Novice: 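Okay, here's the structure, questions in a sec.
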Amino acid sequence: MAPTTLGPIQRKFAPWDDPSEVPLVRFENVTKRFGDFVAVDNLSIDIYPREFFALLGPSGCGKTTLLRMLAGFEQPTEGRILLDGQDVSKVPPYRRPVNMMFQSYALFPHMTVEANIAFGLKQDRVPKPEIEARVAEMLKLVRLEQFGKRKPHQLSGGQRQRVALARSLAKKPKLLLLDEPLAALDKKLREATQFELTDLQQELGLTFLIVTHDQEEAMTVADRIAVMDHGVMVQVATPAEIYEQPNSRYVADFIGDVNLIEGRVAAIDGARVEIAPSGIDARFEVAEAPDTAVDDTVWLALRPEKIAVSMEPPDDASVNCVSGEVWDIAYLGDLSIYHVRLASGITVKSAQTNVTRLIERPITWEDKVYLSWTRDAGVALIR
Amino acid sequence: MTERPSLFNIVSVVFGFAFLYLPILLLIIYSFNESRLVTVWAGFSTKWYVQMINNEGLMNAAWVTARVAFVSATIATVLGTLAAIVLIRFGRFRGRTLFSGMIYAPLVMPEVITGLSLLLLFVAINLDRGFWTVVIAHITFSMCFAAVVVQSRLVSFDTSLEEAAMDLGCPPARAFFSVTLPVIMPAVISAWMLSFTLSLDDLVIASFTTGPGATTLPMKIYSQVRLGVTPEINAVCSVLIAVVTVGVLAASIVTKRREVERQRAERAAIAGN
């Protein structure tokens with residue numbers, strides 16, 4: 001009998017790596033200006049069918065403008081937007097096979113839940129029995145069968161959110177745009193709804209484009225994330241790549257928590273790049289530092305959970321090891337974040353999982369500790 | 001607030017309401033006076049109401065007033081709503097400040113000036129004065145009030161509702177009629193009622209712009225009062241007061257009931273989830 005090997009368990013979905021795939025949405029050098037303000041700056045991106053794509057960034061980074069251009073509420077100043085190969089830049093919103101779920105939900109207050117969901121189908125003059133069937137199907141999909149006759153103000157926030165979702169899905173759009181769809185929900189409900197959204201997207205086989213400023217939300221739901229800043233996409237990659245291989249300090253800092261230590265490339269030796277940190281008497285190594293040469297300035301990005309804290313020096317203290325004094329401890333229950341101040345005055349954060357039940361942790365304020373990490377833990381960033 | 005109102009509070013309330021309503025109350029009481037003399041009470045009678053109904057001139061004037069008020073309020077509401085939409089929706093266009101200033105100017109313009117200028121205009125373009133000139137004049141000044149009322153509602157109107165309608169395949173004009181208009185309808189109705197009342201009420205502008213056969217009720221009353229106050233006039237005024245009171249009460253009861261229903265439904269929604 002041949003030995004069974006553990007193959008990839010999860011379905012690998014990566015149409016962006018497959019050159020034969022045809023994108024559903026294509027932004028071609030799109031620029032949008034409002035007067036002097038450049039909201040979107042010469043941006044090009046392909047989004048593929050069945051993809052869950054997240055636009056992530058702080059407010060004012062141009063992510064909502066991008067979404068509104070796709071819905072048709074804004075026209076690009078320059079460039080083209082292709083939907084299914086057709087230029088839709090000049091097509092008005094009511095003629096686009098795209099639907100949007102609004103941040104405010106924008107439910108029609110004078111109509112019942114059923115009438116809200118049926119609204120889009122009525123515009124297309126769908127026969128009445130078909131409308132009724134589709135409305136019933138949508139109500140079932142979002143589990144609001146008993147609420148069809150209610151008005152929006154008679155529903156709770158979570159129910160309204162589901163009505164808005166049902167209404168935007170009723171016309172079976174090629175592409176669903178979601179503008180901060182969960183921002184108005186409380187944390188518990190938001191987390192549950194994130195999974196519902198991904199399940200729904202997979203079940204219906206639709207393409208979702210979500211705009212959010214919540215990085216956890218983007219990480220949970222999306223196949224790919226585009227991190228935006230000042231109208232440009234700084235990095236477009238899968239959640240894991242964004243987190244583990246950020247391409248810039250901006251992305252590393254925006255997604256999760258990170259320690260950034262400035263330094264200089266001291267030596268490059270195949271899979272080993274040596275970094276001399278400025279102001280710290282230590283030697284750092286990383287596995288790779290693409291596009292760098294000796295003497296370049298780089299920043300070592302280290303995630304707090306990848307740094308170990310110990311009272312005793314590690315076996316090899318000559319590389320990727322610094323010592324300092326515990327300055328502050330943030331006890332979060334599941335984690336403890338140790339803020340360690342090095343001799344040079346730099347503070348480095350380390351997150352430790354609290355795997356045992358203890359009221360008092362062995363490491364406490366003002367202890368002298370050693371911080372160490374492996375060569376694979378850090379990423380050298382050049383910008 | 002379980003504390004009892006102080007003597008000062010009670011006196012304030014009594015005087016305040018007396019100031020507002022005593023004249024009206026006197027007017028209503030004297031409309032039921034038997035005597036011809038307005039200031040001498042001579043027993044209860046409804047004869048002045050009968051006489052009022054038989055007074056053809058008065059009835060004609062009332063009918064003219066009702067028609068003028070209805071037509072001018074309707075047109076003023078339509079125009080005022082359009083002006084409000086332009087002011088709110090089209091952001092900063094060239095001449096916006098001028099336009100909004102010009103919309104509000106008639107609000108503070110003395111009626112005599114509005115009336116006189118309209119009269120000069122009608123004379124200049126050789127328009128025969130009568131029913132329609134009064135209607136036009138009333139539209140001119142009540143349109144501004146309608147615009148103000150509708151605009152205050154549109155400020156808080158969530159434009160994403162209209163965008164949602166368009167997103168679902170609804171062209172802009174249809175989106176306005178199927179979504180925006182129903183939502184702002186209460187404000188539009190208030191605008192209409194305000195315009196209607198203003199028209200009902202107007203004496204000065206109507207006097208300037210009217211012509212033969214288009215005497216409004218306020219004009220009629222005013223001209224009769226100059227010949228001496230009769231209890232018949234009191235009767236007419238009492239009827240007017242009754243009409244206005246019933247209208248205001250009905251409107252506020254409907255609003256109140258809707259509000260209570262909405263609150264109950266909201267409580268049910270929160271409890272049910």
Side-chain angles (χ1 to χ4, degrees), chain A residues 34-35 64 67-68 70-74 92-111 113 115-126 144 146-147 149-160 162 164 167-171 173 176-177 179 189, chain B residues 81 85 88-94 96 150 152-190 254-273:
Chain A
F34 295 103
T64 302
L67 198 75
R68 290 176 60 83
L70 207 43
F73 299 127
E74 310 282 356
Y94 48 93
R95 296 224 184 84
R96 295 193 186 200
V98 167
N99 285 132
M100 177 154 162
M101 189 186 148
F102 290 80
Q103 183 173 7
S104 64
Y105 307 150
L107 297 176
F108 307 132
H110 57 298
M111 296 184 194
V113 168
N116 264 285
I117 297 173
F119 188 86
L121 301 166
K122 277 201 185 130
Q123 304 307 318
D124 288 358
R125 306 229 152 72
V126 175
L144 286 173
Q146 283 109 54
F147 298 92
K149 299 278 183 252
R150 289 224 191 154
K151 293 272 185 74
H153 64 77
Q154 296 167 311
L155 301 174
S156 69
Q159 291 167 339
R160 276 180 225 180
R162 303 216 297 274
R167 186 180 70 178
S168 57
L169 284 171
K171 290 179 80 173
L176 181 68
L177 308 173
D179 184 9
L189 194 56
Chain B
T81 305
I85 289 167
I88 294 291
R89 287 300 168 75
F90 291 84
R92 305 228 134 266
F93 57 91
R94 228 181 142 75
R96 184 185 185 277
V150 176
S152 66
R153 174 64 187 89
L154 275 176
V155 167
S156 62
F157 179 79
D158 181 7
T159 45
S160 65
L161 284 180
E162 241 175 56
E163 286 180 347
M166 284 197 263
D167 185 64
L168 292 163
C170 196
R174 212 194 309 157
F176 176 78
F177 285 108
S178 59
V179 174
T180 313
L181 198 57
V183 173
I184 64 166
M185 202 36 127
V188 174
I189 291 171
S190 322
V254 168
T255 326
K256 181 78 194 166
R257 181 174 299 170
R258 197 176 291 170
E259 180 67 17
V260 168
E261 248 169 46
R262 198 177 61 83
Q263 279 177 358
R264 190 186 305 145
E266 262 169 23
R267 269 200 302 275
I270 291 161
N273 186 54

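Throughout, protein chains are lettered first and strands after them, A, B, ... in sequence-line order, and every chain is numbered starting at 1. Not measured: the values here are computed from a predicted model.
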Novice: Measuring heavy-atom distances to chain B, does A/Met111 have an atom under 4.5 Å in its side chain, in its backbone, in both, or in neither?
Specialist: side chain
Novice: Under 4.5 Å, counting heavy-atom pairs only, tell me which of B/Leu168, B/Val179, B/Leu161 racks up the most with chain A.
Specialist: B/Leu168
Novice: Does the side chain of B/Glu163 reach to within under 4.5 Å of the side chain of A/Arg68, using non-hydrogen atoms?
Specialist: yes
Novice: Would you mind checking which part of A/Leu107 comes under 4.5 Å of any heavy atom in chain B, side chain (CB onward), backbone (N, CA, C, O), both or neither?
Specialist: backbone
Novice: Tell me, for A/Arg167 versus chain B, whether the close heavy atoms (under 4.5 Å) come from the side chain, the backbone, both or neither.
Specialist: both
Novice: Give, as side chain, backbone, both or neither, the part of B/Thr159 having an atom under 4.5 angstrom from any heavy atom of chain A.
Specialist: neither
Novice: Heavy atoms only, distances under 4.5 angstrom: which of B/Ser160, B/Ser178, B/Pro172 has the most pairs with chain A? Name it, please.
Specialist: B/Ser160
Novice: Using a cut-off of under 4.5 Å for heavy-atom pairs, which of A/Met100, A/Arg95, A/Gln123 has the most such pairs with chain B?
Specialist: A/Gln123
Novice: Checking side-chain contact (heavy atoms from CB on, under 4.5 Å) for the pair B/Asp158/A/Phe102: CA distance, chi angles, key distance, verdict?
Specialist: CA-CA 11 Å; B/Asp158 181 7; A/Phe102 290 80; over 6 Å; no
Novice: Let me know if B/Asp167 has heavy atoms under 4.5 Å from chain A in its side chain, its backbone, both or neither.
Specialist: both
Novice: Quick check: are there more than 12 heavy atoms from other residues, nucleotides or ligands sitting under 6.0 Å from CZ of A/Phe34?
Specialist: yes
Novice: Restricting to non-hydrogen atoms, name the atom on B/Pro182 and the atom on A/His110 that form the minimum distance, rounded to 0.1 Å.
Specialist: CB-CD2, 3.4 Å
Novice: Given heavy-atom pairs under 4.5 angstrom as the criterion, report whether the side chain, backbone, both or neither of B/Ala175 touches chain A.
Specialist: neither
Novice: Please round to the nearest 0.5 Å and tell me the distance separating atom CZ of A/Phe108 and atom OG1 of B/Thr180.
Specialist: 9.0 Å
